[in-house]
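What follows is a short report on a single structure.
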Amino acid sequence: MTNIVSIQNIAGHVGEEITIQGWLYAKTGKGKIQFLQVRDGTGTMQAVLFKPNLPLETFEAGKRLTQESALIVRGVVKENERAPGVPGGYEIDTAELKVVQVAEEYPITPKEHGVEFLLENRHLWIRSRKQWALLRLRATVMRACRDWLDSHDYLEMSTPILTPAAGEGTSTLFEVDYFGDTVYLAQTGQLYNEANIYSFGKVYCFGPTFRAEKSKTRRHMTEFWMLEPEMAYCDLDGLMEMEEQFISYIVQRCLEERVEELKVLERDTSFLEKVTPPFPRVSYDDAVERIKKIRVETDDPELKALLEIEWGQDFGSPHETELTKLYDKPIFVYGYPTQVKAFYMEPWPNRPEVCKSVDLLAPEGYGEITGGSERISDPDLLLERIHHDNLPEEAFKWYLDLRRYGSVPHSGFGLGVERTVTWIAGIHHVRETNPFPRTLGRVYP
RNA sequence: UCCUCGGUAGCUCAAUUGGCAGAGCGAGCGGCUGUUAACCGCUUGGUUGGAAGUUCGAGUCUUCCCCGAGGAGCCA
């Protein structure tokens with residue numbers, strides 16, 4: 001069979017005889033006509049088998065096909081608005097059907113399934129339409145990240161995954177035996193990025209990161225992908241300007257390139273269309289006041305309890321959720337209390353209790369998708385902060401060196417890929433945005 | 001680590017006060033020329049998460065354990 005066509009390009013082949021290589025997603029049939037929904041990885045389209053037009057054995061072979069059987073279909077492409085698929089509206093009038101393998105009874109039926117069952121069968125679940133759309137969207141988000149950064153003179157620098165000590169000294173790390181020594185799986189590449197900017201100016205690292213925290217929420221995984229840009233000669237304002245351009249570009253790329261997938265996900269894209277610079281900037285001080293006001297005004301006693309806050313405390317997810325509901329765009333919350341943030345963040349001028357940190361909160365209640373800051377550039381201040389947090393000075397010797405040889409103001413942030421995709425896709429749980437999610441209590445498959 | 005909910009057929013669930021463990025879907029066979037989670041008929045389906053206990057009798061009650069989900073804290 002020749003002229004193999006991808007389903008995503010089917011619109012350009014109407015009237016032609018083509019071949020589709022794929023798998024049977026679903027099948028419905030009547031006595032003399034059968035409809036095969038065929039996936040090929042790029043989309044789904046209908047192949048029609050009409051008994052009078054086919055050799056009997058071909059029609060009978062079609063009847064024996066089970067869900068997820070591998071098959072190759074040849075026939076003429078026709079436009080037909082009744083034909084379902086992604087993109088819909090096209091079908092193939094089957095002339096030849098080659099059965100590559102008849103699949104065994106497939107566990108995931110087109111009916112409802114529970115989360116536990118689906119996660120146990122994740123290796124098969126990714127074939128389902130919604131999961132397929134979600135992971136295609138993820139790939140676009142990741143590529144858009146790289147495209148924007150690469151075209152703005154950022155250089156991708158790999159940072160180590162095996163690291164000698166805690167990046168920030170706070171989160172729980174996975175331990176790995178390293179020829180008798182203990183090393184840790186990286187939870188950030190930031191410190192290495194800070195070294196890299198002094199050679200390359202603007203850099204980013206992009207890879208998996210690991211947190212051994214026992215978090216069981218829809219926003220947490222133990223292994224997730226993080227993108228961390230870092231920029232020399234960049235202060236907090238410069239960071240926010242860069243972030244809003246960057247995030248807006250990613251969202252707009254998804255709207256352009258993943259129309260069908262967002263349709264499958266039933267995403268209301270009107271929210272995404274509003275994601276253009278500038279984003280609202282809210283100081284931590286203001287944010288606390290607003291949350292206090294919401295807390296006073298709510299009649300819900302449960303929400304009242306969750307929203308309890310005093311200046312100086314970090315926000316929890318309920319606080320973030322309520323804040324984002326006040327806006328229809330992502331918002332920056334900047335100037336968090338120094339005591340709740342990492343040691344390396346630059347203090348606010350004349351207000352040492354506040355630091356030049358900024359989180360980006362996605363709208364519609366999704367909350368934090370990036371966290372960043374301007375970093376301390378003064379060697380004495382950085383050393384003082386390391387001592388203040390009781391961190392081992394010896395481990396940070398190289399990091400302190402960076403402040404001794406041409407230190408400049410610099411900033412960076414980390415973006416959680418799965419959280420970003422979750423928001424853009426408008427879905428409930430981050431685990432579905434990773435092909436094989438690792439969560440507390442699940443490392444299979 | 002804490003709080004809440006859950007575990008019954010391959011899957012999704014039901015089972016009244018402690019009294020014969022059921023339905024839909026899937027799968028198999030047959031029928032149907034426009035299906036969209038097709039429809040109609042027949043067939044197939046069980047270590048009720050595990051252990052112990054109470055009882056004439058436990059899916060149901062008690063104790064312990066295992067597993068999962070949601071949330072909190074922490075974080076992207």
Side-chain angles (χ1 to χ4, degrees), chain A residues 25-37 44-53 59 63-64 66-67 78 80-86 88-89 91 93 103-121 124 128-129 167-168 170-172 187-188 190 208-228 302 305-306 308 313-321 340-342 359-362 366-372 413-423 428-431 433-434 439-442 444:
Chain A
Y25 189 64
K27 181 180 74 172
T28 59
K30 298 195 128 198
K32 291 179 183 159
I33 190 165
Q34 291 179 75
F35 303 98
L36 312 181
Q37 308 306 325
T44 310
M45 78 178 293
Q46 176 162 285
V48 183
L49 271 64
F50 189 43
K51 195 172 183 179
N53 295 354
F59 190 79
K63 278 175 86 170
R64 283 196 304 274
T66 54
Q67 192 184 349
K78 293 180 174 172
N80 189 329
E81 45 178 49
R82 288 175 296 187
V86 184
E91 63 186 23
D93 186 9
E104 292 177 29
E105 188 178 335
Y106 192 66
I108 302 180
T109 66
K111 301 283 178 180
E112 309 161 5
H113 297 284
V115 179
E116 186 181 351
F117 175 78
L118 290 170
L119 286 171
E120 197 68 18
N121 290 283
L124 305 176
S128 299
R129 207 165 62 124
E168 303 176 9
T170 51
S171 298
T172 322
Q187 59 168 352
T188 172
Q190 181 206 315
T209 188
F210 307 90
R211 304 274 164 98
E213 287 154 3
K214 298 203 169 181
S215 302
K216 288 184 68 173
T217 81
R218 66 166 178 270
R219 295 177 311 283
H220 287 90
M221 294 192 294
T222 49
E223 175 182 329
F224 62 96
W225 276 62
M226 188 156 71
L227 171 73
E228 295 177 279
E302 200 177 330
L306 285 170
E308 201 164 337
Q313 295 176 333
D314 203 359
F315 297 139
S317 345
H319 305 109
E320 288 181 1
T321 299
V340 301
K341 289 290 179 181
D359 286 356
L360 184 67
L361 310 185
Y366 281 96
E368 184 175 0
I369 55 170
T370 82
F413 69 94
L415 172 135
V417 170
E418 286 82 3
R419 284 188 182 179
T420 303
V421 177
T422 301
W423 160 55
H428 182 68
H429 203 300
V430 290
R431 67 184 161 212
T433 66
N434 186 294
T439 53
L440 183 66
R442 183 176 295 281
Y444 176 92

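Nothing here was measured: the structure is a model prediction, and the numbers come from that model. Note on naming: letters A, B, ... go to the chains in the order of the sequence lines (proteins, then strands), and numbering restarts at 1 for each one.
Not one side-chain nitrogen or oxygen of A:R211 sits closer than 4.0 Å to the OP1 or OP2 atom of B:C74. Within the structure, every side-chain polar atom (N or O) of A:H113 is placed at least 4.0 Å from both OP1 and OP2 of B:G10.
For the residue pair A:T439 and A:H220, the shortest heavy atom distance occurs at CG2-O, 4.0 Å. Nearest heavy atoms, A:M221 versus A:N434: CE-CB, 4.0 Å.
Within the nucleic acid shown, A:Y106 has no heavy atom closer than 4.0 Å to any nucleic acid atom. In this structure, A:D314 reaches the sugar-phosphate backbone alone: every heavy-atom distance under 4.0 Å involves primed, P, OP1 or OP2 atoms, never a base. Using a 4.0 Å heavy-atom distance criterion, A:T370 is classed as a sugar-phosphate-only contact. Nucleic acid contact class of A:R219 (heavy atoms, under 4.0 Å, all strands): base.
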Apply side-chain contact (heavy atoms from CB on, under 4.5 Å) to residues A:I108 and A:F117 and explain how you reach the verdict.
CA-CA 9 Å; A:I108 302 180; A:F117 175 78; 4.1 Å; yes
Given the rule in the side-chain contact (heavy atoms from CB on, under 4.5 Å) test, do A:R431 and A:V115 qualify, once you have shown the distances and angles that lead to the verdict?
CA-CA 11 Å; A:R431 67 184 161 212; A:V115 179; 3.2 Å; yes
Derivation of the side-chain contact (heavy atoms from CB on, under 4.5 Å) call for A:Y25 and A:R129
CA-CA 9 Å; A:Y25 189 64; A:R129 207 165 62 124; 3.5 Å; yes
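When distances are taken from the side chain of A:T109 to each of B:U33, B:G70, B:G26, the shortest belongs to B:G26.
In this structure, A:K214 places its NZ atom 18 Å from C1' of B:G70, rounding to the nearest Å. Note: CE (A:M221) to P (B:A69) measures 13 Å, nearest angstrom. Rounded to whole angstrom, the span from the NZ atom of A:K341 across to the P atom of B:C74 amounts to 11 Å. Atom CD of A:E120 is separated from atom C1' of B:U12 by 17 Å (rounded to the nearest Å). One interatomic measurement links the two molecules: CG of A:L119 to P of B:A69, which rounds to 7 Å at whole-angstrom precision. The separation between A:E104 atom CD and B:G10 atom C1' is 13 Å, rounded to whole Å. Computed from coordinates, the A:E223 CD to B:A76 P distance equals 17 Å when rounded to whole Å. With rounding to whole Å, A:F117 atom CZ is found 6 Å from B:U12 atom P.
Considering only residues two or more places apart in sequence or on other chains, A:K51 meets the salt bridge (charged side-chain N to carboxylate O under 4.0 Å, His left out) condition with none of them.
Judged by distance alone, with hydrogens and angles left aside, A:H220 brings a side-chain donor or acceptor within reach of the base of B:C75, the pair sitting under 3.5 Å. Residue A:R442 places no side-chain atom within donor-acceptor reach of the base of B:C67, judged by atom type and a 3.5 Å distance cut-off alone. One N or O donor and one acceptor, one from the side chain of A:K216 and one from the base of B:A69, sit under 3.5 Å apart. Side chain A:S215 to base B:C74: a donor-acceptor pair is found below 3.5 Å.
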Pairs under 3.5 Å (Watson-Crick or G-U), crossing ones as [ ], inter-strand ones as |: RNA chain B comes out as (((((((..((((.....[..))))((((((.......))))))....(((((..]....))))))))))))....
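A donor-acceptor pair under 3.5 Å links the side-chain atoms of A:Q34 to the main chain of A:F59, judged by distance alone. In terms of modelled atom types and a separation under 3.5 Å, the side chain of A:K341 and the main chain of A:D314 share no donor-acceptor contact. Checking side-chain atoms of A:T209 against main-chain N and O of A:Q187 turns up a donor-acceptor pair under 3.5 Å.
Nearest-nucleotide assignment on RNA chain B puts the 5′-proximal partner with A:L440, out of A:R419 and A:L440. The nearest heavy atom of RNA chain B to A:K32 and to A:V340 marks one nucleotide each, and the one closer to the 5' end goes with A:K32.
Ring-base stacking between A:F224 and B:A76 is satisfied, the centre separation being under 5.5 Å and the plane angle under 30°.
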Can you tabulate the close N/O pairs, meaning under 3.5 Å, that link protein atoms to atoms of nucleotides 36-42 of chain B?
| unit_1 | atom_1 | unit_2 | atom_2 | d |
| --- | --- | --- | --- | --- |
| B:U36 | N3 | A:R82 | O | 2.8 |
| B:U36 | O4 | A:R82 | O | 3.3 |
| B:A37 | N3 | A:K111 | NZ | 2.7 |
| B:A38 | N6 | A:G29 | O | 2.8 |

